[in-house]
Amino acid sequence: MVGFEALVRATILGLQFGTTLALLVAGLTLVFGLMDVINLAHGSLYMLGAYFGVTLVDAGGSFWLALVVAPVAVGVVGLLMEVFTLRPLYGREPLYQILVTLGLAFVVEESVKEVWGTSAQNFAAPAVLAGSIDIAGVTYSQYQAFVLLFTTVLVAAIWVGLERTNVGVLLQATAHDPEMVDALGFDVSRVFTGVFAVSAVLAGLAGVLLGPARAVTPSMWFNVVLLAFAIIVIGGLGNFRGAIVASLLVGLLTGYAALLVPSYTELLVFALMAVVLLVRPAGIFGTATGDPG
Amino acid sequence: MTVLDRLLDRSGARTDEVLGRRGRVALVLVFCGLAVAGPVIDVIATFWLHVLTRVMIFALFAISLDLVFGYTGLPSFGHAAMFGVGGYTVAFVTLGPTQNLLVTIATAALASATVALLIGWLSVRGTGLFFAFLTLAFAQVLYLVAFNDLPAQLLGADKITGGDNGLVGIPGYELFGVEFGGLFEYYYLTLVVVGICVALLIRIANSEFGRVLQGIRENEDRLTALGYDVTRYKVIAFTVSGTFTGVAGALYAPLVRIAHPSQLFWLTSADGIIMILVGGIGTLWGPMVGAAFITVFEEFATVVGNWHLYLGVLFVTMVIFLPGGIAGAISTVARSPREALSNARRAGRRYVRRVRGDRH
């Protein structure tokens, strides 16, 4: 029988995984909503965040330095990806964009193997957060609590940024009618590049944050990118609120599954996705027209 | 007219069909060439017999994938599911009740058809290119099931899929008392089975049914307006394609003597996608050329080092600069070599312009 304490801990674990997934999903949703690109290399950017982070920490830098520098470096990689491989493909059949991101994912995985080797890297959590805290008789890992707090604040900030700021309005307008935004004198091409780079930074951040908790290996990108897209299907396409709720749902499902049936966490997520597809093909929060919520 | 009638009806066949007269003559010549070359290769370099057998198997995989991917415009990223199911079914049947070729291949085809029907039926619910992701995810489900040996855990058995070890020691096929255990016999067996399947696939592509599939690629809304049940055609196309992919898998597992989770893994799907893009999406013959190119490339590239890296770079470069693949390049050069050259120059200039941010 699973005890109360284990259950509470699984909840925290699930929530912090969910909010970190939300960072990834936010980036994917932005890129898809704006450019119609299904970016299979998003997981690769997440992976690069973890590898850059581990390298910085190993080189004697602090975790906090890595938390800032690694995502920025990933952002630069994302920027180069967009400029040199996606820009030439806008306006062509969207199929070629998904194909090119598949190719990029392939290239990144093999490059990582060349640079860091195939064995798992040991990413240590910062010493300050190595301990645990006691709340109401249950002990939590400090690091997990930190990740939960940090990502919650960040996701909330992204939401506010999209809904309440001028940049958010510009992005929504670009998603709606890029030609009009172009005609108004904004450089749509730069908006695309900027959004792709920001989504890469978010993926890099998620990589650094989850690095100490999960195995850092050259194939770590695959399951994460599948989970992130499954979340989008579950939450409903082009629906930011749905994406966040679905992230938490999948995070919790993963947390509890890790406790009860550890080998089958991904299977459960895909099963949930299949059920949603059958019952509500537009996603739990999706509308038939796919209006952003 | 039922779907089956459309599948077999050739009254609609016209001169603009895929792989016209010349193409089919070329295919027959390749078939005869392979048949004649067999004994020679067996004496000179037996190793190449193995490579050529793999080339034929992947040619079947690639052409069947292209039927949905390029011909119908349904980008499947999950064909490894059917390829692997074909292999596992062969393992179950030949290690169990019978080694009879016809029974085994028929069972494998049926099993992969069922899986394809299920995956296709679920995945067509995805909007646009989310179809690609859904097929990828559902193929991964089968990989996880085989890798963790879920059936054995559910039934309390010792082993069913064999987990990450796979099922080893698959014996060769047998038909009318003849054993296809040796490589030489297996080469001819593969040649015949692949030959029949490729002929069938081309016939399907040029049938009335195939016309509808092409119509779905060109303009889905128009077909819906004309009263076609587009969703149903998509699911059937996916099932037909998956069935032939399953046969390819059923030929592959006995050749390598193992049914392994890696045959269900996304990399197998990716291999197929790389083959059809490099060969020429939607042309049906291009993907077979692509399969041959990639399989032979792999043989040489392993000497140089990380061939997957080169393959990835080649793939990305081709998506950007040569989306028509080898087939596209051949037909342009054949039409007018000078035009091909100026096309290449123009493509280069357009690339630079696009990278600088010009969207037009």
Side-chain angles (χ1 to χ4, degrees), chain A residues 32 36-38 40 83-111 113-114 178 182 187-190 192-193 222-223 225-227 229-230 232-233 237-238 263-264 266-267 269-271 273-274 277-278 281-282 286 290, chain B residues 69-70 73 75 77 118 121-130 132-134 136-138 140-141 144-145 147-150 153 265-267 269-270 273-274 277 281 305-321 323 347 350-360:
Chain A
F32 180 73
D36 261 344
V37 172
I38 292 187
L40 289 178
V83 169
F84 287 104
T85 65
L86 280 172
R87 271 191 182 182
L89 299 181
Y90 295 132
R92 248 206 249 164
E93 255 183 85
L95 170 67
Y96 292 105
Q97 294 158 13
I98 188 172
L99 284 177
V100 98
T101 64
L102 177 78
L104 288 173
F106 214 81
V107 171
V108 172
E109 176 172 340
E110 295 307 320
S111 307
K113 279 185 197 161
E114 288 293 310
D182 193 44
D187 191 341
V188 170
S189 173
R190 281 204 191 155
F192 281 8
T193 309
F222 185 65
N223 283 336
V225 83
L226 283 192
L227 279 185
F229 275 115
I232 294 181
V233 173
L237 223 58
S263 309
Y264 299 111
E266 277 126 21
L267 275 185
V269 174
F270 295 142
M273 182 178 84
L277 275 174
L278 289 175
Chain B
F69 205 114
F77 279 49
L118 193 67
W121 178 70
L122 276 169
S123 302
V124 289
R125 285 150 213 270
T127 324
L129 285 178
F130 263 72
F133 159 70
L134 291 174
L136 186 64
F138 290 126
Q140 183 70 2
V141 167
L144 289 169
V145 165
F147 187 85
N148 293 311
D149 207 343
L150 186 62
Q153 292 195 25
F265 198 48
W266 74 274
L267 272 170
S269 304
I273 294 169
I274 293 171
L277 181 105
I281 292 182
N306 190 344
W307 82 280
H308 269 110
L309 184 59
Y310 306 136
L311 193 61
V313 173
L314 173 80
F315 179 75
V316 170
T317 315
M318 284 191 78
V319 172
I320 295 172
F321 292 103
R350 194 174 53 227
Y351 177 76
V352 173
R353 224 172 40 240
R354 287 294 182 101
V355 165
R356 283 193 180 146
D358 185 351
R359 296 179 69 240
H360 306 288

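Just so it is clear: chains get the letters A, B, ... in the order the sequence lines come, proteins before strands, and each one is counted from 1.
Between B:F138 atom CZ and A:M273 atom CE the span is 4.0 Å, to the nearest 0.5 Å. Here the CG-CG distance, from A:L104 to A:L86, works out to 7.0 Å after rounding to the nearest 0.5 Å. Rounding to the nearest 0.5 Å gives a distance of 11.5 Å between CD1 of B:I274 and CE of B:M318. Rounded to the nearest 0.5 angstrom, A:K113 NZ and B:L309 CG are separated by 10.0 Å.
Neither the backbone nor the side chain of B:F147 has a heavy atom closer than 4.5 Å to any heavy atom of chain A. For B:F77, the part lying under 4.5 angstrom from a heavy atom of chain A is the side chain only. For chain B, the nearby part of A:L40 is the side chain; its heavy atoms alone come within less than 4.5 Å. At a 4.5 Å heavy-atom cutoff, the contact between B:I320 and chain A is made by backbone and side-chain atoms alike. At a 4.5 Å heavy-atom cutoff, the contact between A:N223 and chain B is made by side-chain atoms alone. The contact between A:E109 and chain B is made entirely by side chain atoms (from C-beta outward), counting heavy-atom distances below 4.5 Å. Only the side chain of A:R92 comes within contact range of chain B, with at least one heavy atom under 4.5 Å from a heavy atom of that chain. In this structure, the portion of A:I38 lying under 4.5 Å from any heavy atom of chain B is its side chain and not its backbone. In this structure, no portion of B:L314 lies under 4.5 Å from any heavy atom of chain A.
Per-residue counts of heavy-atom pairs under 4.5 Å with chain B were compared for A:L102, A:V108, A:D187, A:V225; the largest is that of A:L102. Residue with the most contacts toward chain A among B:I281, B:V316, B:I273, B:N306: B:N306 (heavy-atom pairs, distance under 4.5 Å). Options B:F315, B:F133, B:F69, B:F321 differ in how many heavy-atom pairs under 4.5 Å they form with chain A, and the most are formed by B:F133. Options A:A271, A:A274, A:G91 differ in how many heavy-atom pairs under 4.5 Å they form with chain B, and the most are formed by A:A274. Heavy-atom pairs under 4.5 Å with chain B peak, among A:Y96, A:F222, A:F270, A:F192, at A:F222. Highest contact tally toward chain B, considering only A:L89, A:T101, A:V83, A:L277, is held by A:L277 [criterion: heavy-atom pairs under 4.5 Å].
Considering all non-hydrogen atoms of both residues, A:D36 and A:Q97 come closest at O-OE1, 3.9 Å. Here the closest non-hydrogen pair linking A:I98 and B:A132 is CD1-CB, 3.7 Å. Here the shortest heavy-atom pairing between B:L277 and B:P323 reads CD1-O, 4.4 Å.
Between B:H308 and A:F106, the ring planes are tilted. Angles from 30° to 60° get that label.
Taking the ring centroids of B:F130 and A:F32, they lie under the 6.0 Å cut-off.
Remark: A:R87 pairs with A:S189, A:T193 by the side chain to side chain donor-acceptor pair (under 3.5 Å) rule, at least two apart or across chains.
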